[in-house]
Every structure is written in structure tokens, then in C-alpha cells.
Chemist: 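Pasting a structure below so you can have a look.
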Amino acid sequence: MASEGKKLFNIIILGVSFMFIFTAFQSCGNIAQTVITNLNSTDFHGSGYTSMSIIYGVLSASNLISPSLVAIVGPQFSMVISGVFYSLYIAVFIQPATWAFYTASVLIGIAAAVLWTAQGNCLTENSDENTIGRNSGIFWALLQFSLIFGNMYIYFAWQGKTHISESDRRTVFIALTVISLVGTVLFFLIRKQEDTKAPGDDDSTNEILGESSSARNTMMRAVAAFKKSITLSFTKEMLLLSVTTAYTGLVLTFFSGVYGTCIGAVNKFGSEEKSLIGLSGIFIGVGEILGGGIFGLLSKRNRSGRNPVVMLGILVHFIAFYLIFFNMPNDAPIAPMEGTDQVAYMIPSKEVAMLCSFLLGLGDSCFNTQLLSILGFLYSEDSAPAFAIFKFVQSICAAVAYFYSNYFLLQWQLLIMVLVGFFGTITFFTVEWGAAAALATRGSDYSSI
């Protein structure tokens, strides 16, 4: 029981640490382009969209080496180092320099791959087949609270401001850097599992003799995992699910960076346009938490499989896209520092904008909870390579979306998501029907998945 209590403690600390780090990082992502737009009249000439494109591009490539790095350094220290790089990226905005901004973007891309690989390792080490569902739910809920806390701070800090001054920017990013560092320090509280080896003189001898063998085994496992990832990448199910995963990457870019920028650029919102960025993030977080709770933690009560949840997710997103198309000016994603005075097909409504934020979060949670579920079901024996492929595809598509967000008007960005989302839903249904058929031939209950 003491060991079980220690594992639960580790899961809670893991979730709280991620909550602090991503409270800072996601808030930074939501306001980065808005802040940079205010900076581009100075010597700074960076782009928040380009930065996020670099981050996700490097992250996707780094997924190929991150398991080896975590195996060498260990999950706890890997997360600490990664947390430091997250904090450095946020700190760049305190006194921005273009070279530092893009250098930090590359470094945090590597750090993100290592962080999420180490998180999966830590979650697995502190769970068994009876507690993995509960522990995943606890971690998910704590992580999603980061969307609420960080954006609540932005909302109150920028309330009534139409221009972000140097003092405002420094105050916000110093606070976010400190919050990220708090989360990083909390990783030290994760308790290591007790070593079952009895201490003695022979231990040091065996350790010395086994060092080269251990290093060789680590390399062999890393190579085997890499080969397995390549093999899984070309299976029918993984190729079909990659379309769905690609859609989650495009949506991730839209709600975490583009949509907040659109809201902040609409002059019709008056003095609230900047603080509404934070309020939008809060509503996204509420949607994520509600969806994660209903479809993640309560999934065992769902007797209809995953398809109805994914269908709900795509319908919710299509409604959100339709309302955004009518509510937001077409040039909002690429508007200059002065914002845009254009009007779409209705006078911009703050209430509709916040409703869309909630729907974006709710729909995203529908897709992600069901993707994680079906990957864990189909690849229970090869979960690490399967989830590495998932993160690789999602990150690549998020990087591509951040890149074209610099140039595409809102209508084209929405159209791309509608098309990929439509086909991604069909491919998910195809894989799910195959999984249900496989269960039926084994005589298992469909609701057990």
C-alpha cells in the first residue's frame, strides 16, 4: 500500500509540474504573435507563427532520438532539463532578440520531445494495468487546468489594454518564466522507485563489469525501437489513423496560436480585444477539461465504442468553424499591429467568439481521448513506437500549419481543417470498425474497448 501511495503521489506531482510549465508555455503561445506584432516596429523582426513552426518541426524530428536520450539520462532528470529550456524560451520575451528567439525555438523543440517521452516513461513506471486508466485521467485533468490558470492571468493583466507596452510585456513574461521554473523544480519531488538490489561489495564489481553490456543493451533497445517505429508507420491502421492525427495537429495550431491572434486583432472588440485572448484560452480549457472528463475518465461506461465520440467532435468543430467564418474578419490572422477594422458576415460578437473557443476545446478533447484510446488498444505491445508515430505526425502537421498561418487568410485555414477533418473522421471510423470486428471474432464485448 505504501508503494501504491508513492506511485500516486508521483503521478500527482507529475501532473502538477506539467500544469505549471504549460500554464506558462501555452499562455506564451497564445499571446506571442500579438506581442511580436507590437515589437516589429523595433529592431526585433521575429514571427510567432514561424517560431511555433520551428518548434513543432524540430519536435517531430527529435521524437526519433528522444527515447535514447531518456534511457541514458533517466526520466526525472530529462524532465528537469527540458523544463529549464521551456523557461528559457519564455524568458526570451522579457528582452527579445531575433537570434535568441529562433535559437530558443530550436532548443525547446528538442526539449519538448524529451519531456513528453520522459512523461510517458514516468507514467508507465508508476502505473500498472489496474491503475493506468486512473493515472492517465489524473494527469490529463491536471494538465488541462493549465489552459485556465495561465489565460485567466492574461485576461486580468491585460484587461482594458489596446496596446501592449514594454512594461506590460516584461511583467507578464517574468511572471510566466517564474511559473515555468516552479513546475521544473517540482520534478525533483518525484520519488524514485526503490532499488531491489541488496547493497554490498559485489555490487560495485558487477556494476563495473556490466557497464559496457548495459550500454550495448541500451543501444540495441534504441535501434530496435526505431526499427519498430518504421515498421508500424506503414501498417494499414497506422496510415489511416495518421490522417486523423494530422487533423489534431492542424487544430492544435489553430486554437493554441491562430485563433487568439484573430481575437486580439479585431478592433471592433474595443478596449477588451487583448484581454479577450486570455478569456478565449479559459473557454478552450473548460471545453478540454469537460471533454476529457466525460470521454476519458468515464470511457468504461460508453457501450457504443469510439465512433460516436469522434462524430460528436467533428460536428462540434464544424459548428465552431462555421461561426468563426461568420464572426471573424478574413484578414485577422495576418493583421498588422493596428489590428483590423474589417467585418465578416456579422458584426464581431465577443459572446460568439467565446462560444467558439469552448467548442474548439471540446471537439479537440473528443479526438485526442479517442485517438489515445484506440492506439493503446491496437498497439498494447508496442505502445512506445505507436505513440512516437502519433506525436511525430501531429507535430509535423502543427509545424506546417504554423508556417502557412503567416500567409493564409482565415477562410483558407478553416477550409483546410474542414477537408482534413472530414477525411480524418472517415479513416478513424474505418479503423474502429476493424477493431470492433476483431473483437467480435474473439467473442469479446465491443464496449470493453
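All residue numbers in this chain count up from 1 along the given sequence.
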Chemist: Are the side chains of Ile263 and Met354 in contact, using a 4.5 Å heavy-atom criterion?
Modeler: yes
Chemist: For the residue pair Phe101 and Phe93, is the inter-centroid distance of their aromatic rings smaller than 6.0 Å?
Modeler: yes
Chemist: What I'd like to find out is whether the side chain of Gln411 reaches to under 4.5 Å of the side chain of Leu415, using heavy atoms alone.
Modeler: no
Chemist: Can you confirm whether the side chains of Ser60 and Ser395 place a donor and an acceptor under 3.5 Å from each other?
Modeler: no
Chemist: Could you please spell out the steps behind the side chain to side chain contact (heavy atoms under 4.5 Å, CB included) verdict for Glu432 and Gln370?
Modeler: CA-CA 10 Å; Glu432 175 71 349; Gln370 302 317 298; over 6 Å; no
Chemist: Check the orientation of Tyr56 and Tyr402. Use parallel for under 30°, tilted for 30 to 60°, and perpendicular for over 60°.
Modeler: parallel
Chemist: Report yes or no: does Asn327 contribute a side-chain atom to a donor-acceptor pair with the main-chain N or O of Leu323 at less than 3.5 Å?
Modeler: no
Chemist: Check the side chains of Thr248 and Asp364 for a donor-acceptor pair under 3.5 angstrom, ignoring hydrogens and angles.
Modeler: no
Chemist: So, do Phe18 and Phe22 have ring centers that fall under 6.0 Å from each other?
Modeler: yes
Chemist: Under the side-chain hydrogen bond (donor to acceptor under 3.5 Å, both in side chains) criterion, do Asn406 and Thr50 qualify, and how do the steps go?
Modeler: CA-CA 7 Å; Asn406 276 306; Thr50 302; 3.0 Å; yes
Chemist: Does the ring of Phe9 carry Arg191 above it, NZ/CZ under 6.0 angstrom from centre and within 45° of its axis?
Modeler: yes
Chemist: Please examine the side chains of Ser87 and Thr184, heavy atoms only from C-beta on, and report whether any two atoms are closer than 4.5 Å.
Modeler: yes
Chemist: Would Glu288 and Leu362 satisfy side chain to side chain contact (heavy atoms under 4.5 Å, CB included), going step by step from the backbone distance to the final call?
Modeler: CA-CA 5 Å; Glu288 290 276 10; Leu362 179 62; over 6 Å; no
Chemist: So that I know where these two stand, are Phe318 and Tyr322 an aromatic pair - ring centroids less than 6.0 Å apart?
Modeler: no
Chemist: Under the side chain to side chain contact (heavy atoms under 4.5 Å, CB included) rule, what do Lys391 and Leu59 come out as? Steps first, then yes or no, please.
Modeler: CA-CA 9 Å; Lys391 205 67 183 174; Leu59 192 162; 4.1 Å; yes
Chemist: Between Arg169 (side chain only) and Ile94 (backbone N and O only), is there a donor and an acceptor less than 3.5 Å apart?
Modeler: yes
Chemist: So how far is it from Gln413 CD to Ile324 CD1, rounded to the nearest 0.5 Å?
Modeler: 10.5 Å
Chemist: Mind checking the CG-CG spacing from Leu355 to Leu360? Nearest 0.5 Å is all I need.
Modeler: 9.5 Å
Chemist: Does atom CZ of Phe358 have more than 12 heavy-atom neighbours from other groups under 6.0 Å away?
Modeler: yes
Chemist: Okay, side chain of Gln76, backbone of Phe187: is any donor-acceptor separation there less than 3.5 Å?
Modeler: yes
Chemist: Run the side chain to side chain contact (heavy atoms under 4.5 Å, CB included) test on Phe139 and Ile12 for me, step by step, so that the C-alpha distance in whole Å, both residues' side-chain angles and the decisive distance to 0.1 Å come before the verdict.
Modeler: CA-CA 7 Å; Phe139 174 79; Ile12 292 172; over 6 Å; no
Chemist: State which residues pass side-chain contact (heavy atoms from CB on, under 4.5 Å) with Asp331; sequence neighbours excluded, sorted by chain then number.
Modeler: Pro329, Thr340, Gln342, Leu409
Chemist: Please tell me if the side chains of Val114 and Phe85 come closer than 4.5 Å, counting only heavy atoms from C-beta onward.
Modeler: no
Chemist: Given the rule in the ring-ring contact (aromatic ring centres under 6.0 Å, His included) test, do Tyr259 and Phe255 qualify, once you have shown the distances and angles that lead to the verdict?
Modeler: CA-CA 5 Å; Tyr259 189 55; Phe255 77 73; 9.7 Å; no
Chemist: Side chains of Ser280 and Ser357: donor-acceptor distance under 3.5 Å anywhere?
Modeler: yes
Chemist: More than 12 non-hydrogen atoms from neighbouring residues, nucleotides or ligands closer than 6.0 Å to CZ on Phe20, yes or no?
Modeler: no
Chemist: Hey, are the side chains of Trp116 and Val70 touching, using non-hydrogen atoms and a 4.5 Å cut-off?
Modeler: no
Chemist: Does Phe429 CZ have over 12 foreign heavy atoms under 6.0 Å away?
Modeler: yes
Chemist: Could you tell me whether the side chain of Leu107 reaches within less than 4.5 Å of the side chain of Tyr89, counting heavy atoms only?
Modeler: no
Chemist: Counting C-beta onward and ignoring hydrogens, is there a side-chain heavy-atom pair between Phe367 and Ile314 closer than 4.5 Å?
Modeler: yes
Chemist: Just checking, any donor-acceptor pair under 3.5 angstrom between side chains of Thr177 and Tyr86?
Modeler: no
Chemist: Could you state the interatomic distance from CG (Asn368) to OG1 (Thr245), rounded to the nearest 0.5 Å?
Modeler: 8.5 Å
Chemist: Start with the C-alpha gap between Ser105 and Ser51, add the side-chain angles, then the distance that decides, and say whether side-chain hydrogen bond (donor to acceptor under 3.5 Å, both in side chains) holds.
Modeler: CA-CA 6 Å; Ser105 299; Ser51 167; 2.8 Å; yes
Chemist: Any side-chain heavy atom of Phe422 sitting closer than 4.5 Å to one from Leu419?
Modeler: no
